[in-house]
Structures are given as C-alpha cells and as structure tokens.
2 protein chains.
Amino acid sequence: MADIARIANVSKPTVSRVLSGSPLVTQATRDHVLEVARAHGYAVNRNAQKLRQTRTDTISVVLDFGSHRGGRIADPFIFELLAGVAEALAVRKLDLLLSPPAAQDERAYQDQVNARVVDGFIFLGQGERDPMLRDLAKLGVPFVVWGAVDPTEPYCAVGSDNRLGGRLAGEYFLRSGRKDWLFIGDTNHAEIAMRHDGLSEATHGKSASIRVLRTGDMSYTSTLNDTAAYLATHPAPDAVFAFSDTAAMAVIAAFKEQGLRAPEDFALVGYNNIPPAAAFTPAITTVEQETHIAGAILVEKLMQKIEGGRAASTVLPTRLIVRET
Amino acid sequence: MADIARIANVSKPTVSRVLSGSPLVTQATRDHVLEVARAHGYAVNRNAQKLRQTRTDTISVVLDFGSHRGGRIADPFIFELLAGVAEALAVRKLDLLLSPPAAQDERAYQDQVNARVVDGFIFLGQGERDPMLRDLAKLGVPFVVWGAVDPTEPYCAVGSDNRLGGRLAGEYFLRSGRKDWLFIGDTNHAEIAMRHDGLSEATHGKSASIRVLRTGDMSYTSTLNDTAAYLATHPAPDAVFAFSDTAAMAVIAAFKEQGLRAPEDFALVGYNNIPPAAAFTPAITTVEQETHIAGAILVEKLMQKIEGGRAASTVLPTRLIVRET
DNA sequence: ACGAGTCATGAAATGCATTTCAAGGGCAAG
DNA sequence: CTTGCCCTTGAAATGCATTTCATGACTCGT
C-alpha cells in the first residue's frame with residue numbers, strides 16, 4: 001500500500017480510504033488511486049486488514065462429512081441446508097469456512113474465535129455432540145445449530161418440528177388401520193429421538209405398538225442390510241416410519257425380498273421429501289421440512305448472537321405428503 | 001502474546017516458538033508457557049500470523065449453488081465431490097473456503113490470491129465458465145477444475161471420461177437393438193457435450209440416429225416437464241440417455257404418462273449411479289464415475305500448482321452398470 | 001476583508017506474531 | 001583451566017492496513 005501511495009503521489013491513509021470506499025476523498029484522487037492500484041494489480045492484504053479491524057466477517061459451518069465417508073451420500077438433505085446457508089451468507093457478504101467437527105472439544109471452537117479466524121459457528125446436524133454444545137454455550141462463543149429444538153438447552157437451535165413429523169406419521173398409520181409399527185432410525189440422534197416421541201404420542205389411547213430398529217449408519221446400504229436382517233428374525237410390521245426417503249427406498253427393497261409390498265402389506269412414511277420419492281414406485285409418503293428458509297434463519301440468528309444479542313430457538317413446521325405408501 | 005510472555009517470564013519469540021511447536025525450546029519452558037497460555041485462554045491471532053507468514057493455508061472451493069436455487073437439489077453428485085475435497089483438504093490441514101463464483105471475472109480470483117485470502121482455487125463443475133478459466137490460467141493463478149478434460153485447454157482439469165460414458169451408453173443401446181436415441185441434457189456444459197460426442201461415436205457405421213432435448217435446468221421438475229412436453233410433440237424414441245439418474249427418474253415418469261415403460265418400450269441410461277437408482281422400479285442402468293478419489297486428486301494437483309509446479313489433467317474411468325432399463 | 005467553519009489529506013500510532021541476528025550459559029575437549 | 005562449540009533465549013526489525021489527530025487550503029457569512 002505504501003508503494004501505491006508513493007506512485008500515486010498520495011499518502012497511505014488516502015489509498016486506504018479509496019480502497020475501502022470512504023467518502024472522504026475527492027473524486028479525482030479516488031480515480032487516480034484506483035487506476036494506479038489496478039495497473040499494478042494491487043489488492044489489499046486481507047490478513048493485515050483483518051488484523052487491524054476486529055471483525056473477521058467469516059462464519060464457520062461445521063458439517064460432519066465423515067458420517068458419509070466411503071459410501072455414497074444417500075440423502076441430499078443436509079446439502080440443501082448447506083446451500084441455503086451459503087446463499088444467506090453470500091447475501092451478507094460473509095465468508096463461509098467449511099469445517100469438519102473439532103472432536104468434542106469446545107475449547108477448540110473458542111480458540112477459533114479468539115484467534116480471529118471466524119466470528120461464529122453454524123452446526124449442521126448436531127448428531128450426538130450435544131454435551132459439547134452446552135459447554136460451548138457457557139463459554140459465550142456465538143453459534144447456532146440446525147437440529148432438534150430443546151427449550152431446556154442453553155443455545156439457539158433451529159430445526160423442524162420433528163415431534164410433529166412423528167405424530168403426523170402415526171396419525172396416518174392409524175387412519176390406515178395399522179397397529180404394529182416399526183420405527184427405523186438411530187434414536188441417539190436428538191432429531192430422530194423426537195420423531196420417535198411424536199410417533200409414540202400418536203399411539204396414546206389407541207391400540208398400536210411401536211418397535212424400533214436402530215440402523216448402523218445413515219447410508220442406503222446399511223439400512224437395506226439391517227432391515228433385511230431384521231425381517232429375517234422378526235415378524236413383519238404393518239407400518240414403517242423411516243428416518244429418510246432414501247432409507248424408505250431401502251425398506252421397500254428389503255421388504256420386497258420377503259414378498260411384502262407397500263401399501264398392500266405395510267404402510268411406509270419417509271422423511272425429507274427428496275425428488276425421487278415422488279417418482280419412486282410406489283410413490284413414497286413422506287414428511288417434508290422447510291429447508292429452503294432454514295439457511296436464512298440460521299444466519300440471521302447467528303448474526304444476532306455475534307452482535308451480542310440473544311436469539312430464540314425456532315421450530316419450523318413440517319407436513320405430511322401422502323402418496324401411495 | 002506479549003502479555004503471555006510477560007506473565008510466563010519469557011520473551012515473545014519464545015512464546016511464539018512454543019506455540020508453533022518449534023524444537024528450539026526446553027521442555028520445561030514449553031510446558032510452563034503452554035500452561036500460562038491455556039490458563040488465560042490465549043490463542044494465536046491467525047490474522048497476524050498469516051500476515052507475517054506468506055502462506056494462507058486456505059483453499060477456495062468454488063461451487064455454484066445458484067444453479068440449485070429455489071428448487072430441491074436433485075442430484076447429490078456434486079456434493080459427494082465436495083465431501084471428497086473437504087476430506088482431502090482436512091487431511092492436509094488446509095482450510096476450505098466455500099465460495100460462490102465471482103461473475104466471470106478472472107481478476108477477482110487473482111485479487112483473492114494477491115490479497116492473501118487463499119492460495120488457490122478448486123472449481124467444482126465448470127459449467128459454461130470456460131473462457132474465464134483460460135484467462136485465469138494466463139494470470140498464473142493456481143487452480144484446478146472438476147469437469148470436462150480438454151487437452152487443448154491451458155489449465156489442469158480432472159474429470160471423468162465423459163466421452164467413454166457416452167460411448168458405453170451408445171454401445172448398450174446398440175446391443176439392445178435400439179435405433180432412435182434421445183439425448184437429454186444441456187450440451188452447453190462441456191461435460192455433457194462430451195457425453196453426446198461419445199454417444200455419436202457409437203453410431204459410426206451403425207444405423208442409429210440421435211436427437212437432443214436440451215432441458216431448462218438440471219432439476220427433477222424441469223426435466224419432467226420438458227420431457228413430457230417433448231413427448232407430446234415428437235415421436236417417442238426407443239432409447240434415452242439422461243444427464244443424471246435423477247433426470248432418468250423424471251424420464252421414466254414422463255414416459256409413463258404416455259403409457260411407455262422401460263425397458264419394454266425404451267432403453268434408458270442415467271448417470272452418476274446414485275443409491276436410489278438401484279432401488280428404483282425399474283432399476284436404472286447408469287454410468288458410474290469414480291467420485292471418491294476425485295477430491296484427493298484435485299487437491300494434490302492444486303498443491304503442485306501452488307508450489308509452482310505443473311500439473312497434468314487427469315481423466316478418470318467410468319463404467320456402465322447395467323440394470324433393468 | 002476577517003474570523004469561523006469545511007473539507008481533503010498526511011504523520012504517527014496501533015493491531016499481533018514471526019524471524020533474523022546476537023548474546024549468554026553450559027559443556028566437552030584440549 | 002581455558003578455548004570453542006552448541007543450545008537456549010531475547011532485542012529488534014518486519015509484514016500491512018486502519019484510525020485517530022492534526023494541518024493546511026479554501027469557502028462563506030457578515
């Protein structure tokens with residue numbers, strides 16, 4: 001910058017003002033400086049800039065790719081979320097640092113903020129990382145979470161109404177006269193657990209029972225294998241609630257091996273409403289989440305926290321899309 | 001850092017050495033300094049650090065979320081790629097800055113490097129941004145591209161053998177005695193165009209013809225609508241090559257409306273081999289790409305470029321997975 | 001025509017860590 | 001017992017831009 005200043009016959013502060021769009025410079029000087037800067041391919045060193053200013057204008061989005069490792073990514077759901085967040089950050093001219101989770105260590109996140117790497121965090125899918133988040137909130141690190149919304153937690157979470165999603169599925173099963181339900185999903189994940197709670201709620205006062213099959217991981221293949229193994233050793237249920245549409249497809253395949261079909265032999269409800277769910281044969285009944293606005297909400301809440309305010313958790317509505325299964 | 005130095009009764013350089021893991025400090029001093037630093041929640045200011053050092057240890061991954069905007073994300077393919085890149089970068093302890101494309105402006109990318117924001121770029125899906133990339137290469141900015149590999153281009157690209165993918169589909173059509181093929185996809189995208197070329201290659205010396213349907217965008221819904229509209233005004237082909245598995249599903253749905261089914265009435269080949277393709281009814285024949293190693297290759301090539309070396313483009317094999325369609 | 005007030009610009013201080021270079025302490029060899 | 005070397009540590013310079021605060025030029029009102 002000193003060089004540019006010398007060449008343009010002005011001082012460093014003036015160059016700085018020009019480059020940061022300050023209104024305190026004459027149009028003539030501005031044009032001249034800009035031209036010199038451009039001619040020399042000069043760009044403000046962002047590290048020096050961030051060093052001087054206090055803000056980093058960068059948000060870390062924490063996403064566990066590891067859970068998809070190896071196998072194919074089954075469900076595009078989490079990426080739709082990521083896309084929404086990316087867009088919302090771009091609108092606010094904030095940089096997006098995509099990071100893998102720092103193993104269970106709240107101090108690591110705090111350090112990131114102290115080190116002026118990022119201003120805050122957006123956790124996409126809290127998984128089983130719960131207790132760490134509580135500690136992180138205590139440290140005063142700004143962050144928001146996509147996942148299960150639990151009013152007793154001290155941090156701001158945004159998520160779908162998983163309990164409602166579960167209840168909608170249960171009520172659908174009741175309407176079709178199903179009594180022996182199978183819940184497929186890892187109830188260690190808070191979101192999944194809440195869907196199970198919702199499903200239970202629907203049974204109150206009704207004669208329907210719920211069994212649970214906890215699958216190895218969230219992939220298509222695991223779900224297929226686990227479901228097939230389950231059917232080989234247990235009586236078949238007359239209704240299945242799967243944790244994702246991709247899982248629902250695996251369920252259909254596993255049941256088909258036993259000669260069982262939806263909706264004749266069992267009702268089936270998936271989750272997320274991914275496009276192939278509608279195209280599938282049979283078309284899969286599913287619970288839809290409002291992903292498209294989630295990104296903007298997450299970013300807005302996070303900015304409130306970064307600016308020192310409070311941000312309340314938000315529950316987004318879900319709705320059942322009834323199709324053939 | 002000066003504070004920590006004072007409190008620990010050492011000098012700034014010593015603290016710096018401890019925190020950067022230099023072997024030039026006694027174990028005793030190291031432990032003491034570390035303890036003081038931890039006790040005070042001190043973290044090295046990364047902006048000051050990067051200002052002094054020349055490297056940023058950050059890579060920008062450029063991905064156009066806009067092309068997925070609004071609608072649901074049809075195909076998880078590009079995200080599997082992203083996941084692979086994210087993992088490869090994490091292994092090398094590099095930060096991943098996820099950025100939207102800077103509109104057609106090669107200078108904007110060069111500035112990012114000059115401003116010490118990132119060391120280089122990974123473009124995921126070159127789309128139609130071709131000429132800009134050529135200019136960017138001329139500027140000497142380090143970057144690699146996932147997409148069509150064209151040896152005449154001056155930059156390093158990594159991509160599947162799209163031409164082979166197309167030819168495999170064509171040969172499959174020939175084997176099943178199909179003569180009237182429909183290619184569905186936007187041939188403005190270099191990758192898609194090469195698949196079309198491959199398909200053409202397969203017709204040489206054979207009596208088969210290729211029609212092209214260019215869809216509005218890459219979404220499930222557009223493909224469904226465009227295909228339906230096409231079938232309403234054109235005779236039905238006896239073979240279809242779609243640009244993705246999700247598109248193939250849309251094709252099946254559109255043909256079904258006309259009472260046409262695969263494989264009885266037409267052969268169908270998709271692309272990417274996403275998990276639901278196998279589960280679909282009918283199970284979709286598709287071309288598989290080697291996504292899982294792509295991330296590591298892209299990162300490796302980019303690092304070579306950043307270190308001033310040359311990096312040759314790489315073509316990854318593809319294979320046809322024959323299923324019911 | 002003179003004091004008051006604008007406006008554009010510059011000098012110097014500041015934000016923080018790394019790195020050369022020099023110096024001090026300790027130890028082995030002569 | 002001394003000389004020379006290695007090892008650990010510190011002083012000072014360096015990387016770069018922003019922001020007060022001060023200064024000079026110039027305009028406007030009376």
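Within every chain, numbering begins at 1; the chains are lettered A, B, ... in the order of the sequence lines, protein sequences first and strands thereafter.
With C:dA11, D:dA12, C:dA8 as the candidates, the nucleotide lying closest to the side chain of A:P13 is C:dA11. Residue B:T14 places its side chain closer to D:dG10 than to any other of D:dA17, D:dG10, C:dA17. Across C:dA17, D:dC16, C:dT18, the shortest atom-to-atom separation from the side chain of B:N45 is found for C:dA17. Comparing C:dA8, D:dT18, D:dA13 by their closest approach to the side chain of A:S16 singles out D:dT18. Distances were taken from every side-chain heavy atom of A:Q53 (C-beta onward) to each of D:dT9, C:dG15, D:dT19; the shortest belongs to D:dT19. Checked against C:dA11, D:dG10, D:dT14, the side chain of A:S11 finds its nearest nucleotide in C:dA11. For B:L24, the side-chain atoms get nearest to D:dT9 when compared with the rest of C:dA17, D:dT18, D:dT9.
Between A:Q49 atom CD and D:dG15 atom C1' there is a gap of 15 Å when expressed in whole angstrom units. The distance between atom CG of B:N114 and atom P of D:dA17, rounded to the nearest whole Å, is 11 Å. Distance CZ (B:R52) to P (D:dA17): 15 Å, rounded to an integer number of Å. Rounded to a whole Å, the CG atom of A:N9 is 9 Å from the P atom of C:dG10. Atom CZ in B:R116 sits roughly 20 Å away from atom P in C:dA17 (whole-Å rounding). A:I4 has its CD1 atom 18 Å from the C1' atom of C:dG10, to the nearest Å. C:dT18 atom C1' lies 14 Å from atom CG of A:N47, rounded to whole Å. Between the P atom of C:dT14 and the CE atom of B:M1 lies a distance of 20 Å, rounded to the nearest Å.
With hydrogens and angles ignored, a donor-acceptor pair under 3.5 angstrom links the side chain of A:R17 to the base of C:dG10.
Taken to the nearest 0.5 Å, the CD atom of B:Q53 stands 9.5 Å off from the CZ atom of B:R46. To the nearest 0.5 Å, atom CG of residue B:L298 and atom SG of residue B:C156 are 7.5 Å apart.
For B:L19 and B:L51, each mapped to the nucleotide of DNA chain C holding its nearest heavy atom, the one lying further toward the 5' end belongs to B:L51. If A:R46 and B:V25 are placed on DNA chain D by their nearest nucleotide, the residue sitting closer to the 5' end is B:V25.
Using a 3.5 Å distance cut-off with no hydrogens or angles, the side chains of B:Q49 and B:N45 do not pair a donor with an acceptor. Side-chain contact of A:D150 with A:T152: a donor-acceptor pair under 3.5 Å is present, judged by distance alone.
Within 4.0 Å (heavy atoms only), A:K12 reaches at least one base atom of the nucleic acid. At the heavy-atom level, B:V10 lies under 4.0 Å from the strands shown only through sugar-phosphate atoms.
Note: A:Y109 and A:F123 meet the aromatic proximity criterion, with ring centroids under 6.0 Å apart.
Other residues, nucleotides and ligands place more than 12 heavy atoms under 6.0 Å from the CD atom of B:E290.
Applying the 4.0 Å criterion to OP1 and OP2 of D:dT9, one finds that B:T26 has a side-chain N or O inside that range. Of the side-chain N and O atoms in B:T29, one or more sit less than 4.0 angstrom from OP1 or OP2 of D:dT9.
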